[in-house]
Amino acid sequence: MDLGVSEDHFSRPVGLFLASDIQQLRQAIEECKQEILELPEHSDRQKDAVVRLIHLRLKLQELNDPLEDEPNLRILLEHRFYKEKSKSVKHLCDKCSTFIWGLIQTWYTCTGCSYRCHSKCLNLITKPCVRSKVSHQAEYELSICPEAGLDSQDYRCAECRTPISLRSVPSEARQCDYTGQYYCISCHWNDIAVIPARAIHNWDFEPHKVSRCSMRYLALMLGRPVLKLREINPLLFNYVEELVEIRKLRQDILLMKPYFITCKEAMEARLLLQLQDRQHFVENDDMYSLQDLLDISSGRLGCSLTEIHTTFAKHIKLDCERCQAKGFVCELCKEGDILFPFDSHTSVCQDCAAVFHRDCYYDNSTSCPRCTRLNLRKQVQNPGEEP
């Protein structure tokens, strides 16, 4: 029986990593290439020689792009580049559009915008970090694909100014559906993203092709509540029922918030932290992020917000005696259960925040009883002032 002991499994393959400097490696590569040409085509020996050639070339690239003495942090054009430790993941360099071989090449990632590139490409970067734009000017282009034409760009890439043409000569022109501008193939990789203008004006969430820069910007802006729908497109609430439901739930949560910030049990249970991923929901009811609109369209937000609304209402109306004590009795009919401003069958006085049954409030021909009482008390305390 052949146990394989006749083979040498531990010695280095001939020509593999024996060369110690660049000149010797180049000579070994040439010898290996010649050997491949002389060996029988498709033979095992030729395949082994090809593998050996690949290793020799990778070793040569390692010597040309050494891993040692590279700083862990590089700051360029507002990018904060950190040296990556991963060796097995394969990415494309955002500068030269070639593969990053983590096993033998040093590479960096910007913590702000996730821009990736080889160490040797760092000093060639001309694109500033997109996060700086998000920090200083967090707003969307709200016109749908605002194209001006290639002539307005002087037939050059909108980003790197490389000559481009729709006829692919000298380089293909690719349009970004977000900016409406044209880019070269190095700045536009046919990435796709949901376009905010299409979502707001058409309720259209179909992804469209965008440039690399636009893709990063949209990714960073995704969760930012910068869309005031009632100003941008108020008619949307007439056609999208889910938006009306979400707005009502958000208004109710804002009415519940004062109960929680004065309730010890609610603070200890950290109930409001259930909305920590959408902090703007406990601050206002009219600002939306693109992620909110995506989740409304898919139905996810309606389900999760309804569940949170139920939990909040249960604490106030059933679980907590302190919160229950802050309820109202309808002073118009003086009947029924304790009322809260977020109940669906109630109305709230805009002046004193008293809560009434909706039917009682709209049938009432006199003024609000609580407002009348407060005005009388104020007159008694300050008899010289007009009511």
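Positions are given from 1, in the same order as the sequence printed here. Computation of the quantities below employed the complete heavy-atom set of this structure, encompassing side-chain atoms and omitting hydrogens, waters and symmetry-equivalent molecules. For clarity, every value in this text was computed on a predicted model and none was experimentally measured.
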- Item | Partner of D94 under side chain to side chain donor-acceptor pair (under 3.5 Å), chosen from H118, R212, R116 | R212
- Message: Measuring only between side-chain heavy atoms, which start at C-beta, is E159 closer than 4.5 Å to Y182?
- Response: no
- Message: We want to know whether Y183 and Q175 form a side-chain donor-acceptor pair, criterion being a heavy-atom distance below 3.5 angstrom.
- Response: no
- Task: Answer yes when D319 and K314 have at least one side-chain N-carboxylate O distance shorter than 4.0 Å, and no when they do not.
- Result: yes
- D292 side chain to H280 side chain, donor-acceptor N/O pair below 3.5 angstrom: yes
- Any chain of hydrophobic side-chain contacts (each under 4.5 Å) joining L236 to L290? yes
- Query: In Å, rounded to the nearest 0.5 Å, how long is the span from CG of L243 to CG of N233?
  - Reply: 9.5 Å
- Message: Main chain of D343, side chain of T346: is a donor-acceptor contact present, judged purely on distance under 3.5 Å?
- Response: yes
- Item | Shared hydrophobic cluster, M287 / L249 (ILVMFWY, side-chain heavy atoms < 4.5 Å) | no
- Does C303 offer a backbone N or O that forms a donor-acceptor pair with the side chain of E307 under 3.5 Å? no
- Message: Show, in sequence, the C-alpha distance, side-chain angles and deciding distance for Y115 and H79, and conclude whether the ring pair (Phe, Tyr, Trp, His ring centres under 6.0 Å) test is met.
- Response: CA-CA 8 Å; Y115 188 100; H79 292 281; 5.4 Å; yes
- Message: Strictly distance-based, threshold 3.5 Å: is any side-chain N or O of Y178 a donor or acceptor partner for the main-chain N or O of E141?
- Response: yes
- Message: Quiz question: by atom type and distance under 3.5 Å, do the side chains of N375 and T372 form a donor-acceptor pair?
- Response: no
- Note on the structure: For L339 and C330 the tightest heavy-atom approach is CD1-CB, 3.8 Å
- Query: Taking the side chain as C-beta and beyond, is there a heavy-atom pair between C145 and R198 under 4.5 Å?
  - Reply: yes
- Counting N and O atoms only, with roles assigned by atom type, does the side chain of E84 sit under 3.5 Å from a partner on the main chain of Y108, one being a donor and the other an acceptor? no
- Query: What is the distance from atom CZ of R250 to atom CG of L301, rounded to the nearest 0.5 Å?
  - Reply: 8.5 Å
- Message: If we count only N and O atoms by modelled type, under 3.5 Å, do the side chains of Q34 and E38 hold a donor and an acceptor together?
- Response: yes
- W203 side chain to I200 main-chain N or O, any donor-acceptor pair under 3.5 Å? no
- Note on the structure: Rounded to the nearest 0.5 angstrom, the NZ-CD distance for K317 and Q324 is 10.0 Å
- Task: Using the side-chain hydrogen bond (donor to acceptor under 3.5 Å, both in side chains) rule, take K326 and T262 through it: C-alpha gap first, then chi angles, then the decisive distance, then the call.
- Result: CA-CA 11 Å; K326 296 175 185 176; T262 57; 2.6 Å; yes
- Distance (rounded to the nearest 0.5 Å) between D277 CG and S304 OG: 10.0 Å
- Query: Any luck finding a side-chain donor-acceptor pair between K120 and T106 under 3.5 Å?
  - Reply: no
- Considering non-hydrogen atoms only, spot the tightest contact between C333 and H357 and give its length. SG-ND1, 3.3 Å
- Message: Using side-chain heavy atoms (C-beta onward) and a distance below 4.5 Å, is S289 in contact with L227?
- Response: no
- Message: Using a strict threshold of under 4.0 Å (side-chain N to carboxylate O), is an ion pair present between D48 and R52?
- Response: no
- Message: Keeping K257 on the side-chain end and V282 on the backbone end, is there a donor-acceptor pair under 3.5 Å?
- Response: yes
- Query: Are side-chain heavy atoms of C213 and H188 found at a separation under 4.5 Å?
  - Reply: no
- Atom pair CG (N190) and NZ (K209), whose distance is rounded to the nearest 0.5 Å: 4.0 Å
- Message: Salt bridge check, K33 against E30: does any charged N sit closer than 4.0 Å to a carboxylate O?
- Response: yes
- Taking the side chain from H208 and the backbone from E206, do they hold a donor-acceptor pair closer than 3.5 Å? yes
- Item | Heavy-atom side-chain proximity of V210 to I192 below 4.5 angstrom | no
- Message: Would you say CZ of R161 has more than 12 non-hydrogen atoms from neighbouring residues, nucleotides or ligands within 6.0 angstrom?
- Response: yes
- Message: Test ring pair (Phe, Tyr, Trp, His ring centres under 6.0 Å) on F260 and F312; report intermediate values, then the result.
- Response: CA-CA 9 Å; F260 294 145; F312 286 3; 4.8 Å; yes
- Task: Check whether any side-chain N or O of H201 sits under 3.5 Å from a backbone N or O of I232 as a donor-acceptor pair, and report yes or no.
- Result: no
- Query: So, do C117 and I125 sit near enough that their side-chain heavy atoms are less than 4.5 Å apart?
  - Reply: yes
- Could you tell me the separation between the CG atom of L229 and the CG atom of D286, rounded to the nearest 0.5 Å? 9.0 Å
- Message: Any salt bridge linking E78 with R131? Criterion: basic side-chain nitrogen under 4.0 Å from a carboxylate oxygen.
- Response: no
- Message: Set out, in order, the CA-CA distance, both residues' side-chain angles and the distance that settles side-chain hydrogen bond (donor to acceptor under 3.5 Å, both in side chains) for S214 and S211, then state yes or no.
- Response: CA-CA 5 Å; S214 295; S211 67; 3.1 Å; yes
- Query: With distance as the sole test, does Q251 use its side chain to make a donor-acceptor pair with the main-chain N or O of D285 at under 3.5 Å?
  - Reply: no
- Message: Please determine whether residues F205 and Y140 belong to a single hydrophobic cluster, defined as Ile, Leu, Val, Met, Phe, Trp and Tyr linked transitively by side-chain heavy-atom distances below 4.5 Å.
- Response: yes
- Task: Verify the neighbour count for atom CD of E321: are there more than 12 heavy atoms of other residues, nucleotides or ligands below 6.0 Å?
- Result: no
- Query: So do the side chains of F342 and I316 get within less than 4.5 Å of each other, counting heavy atoms only?
  - Reply: yes
- Message: When you compare the side chain of K127 with that of L77, does any pair of heavy atoms fall below 4.5 Å?
- Response: no
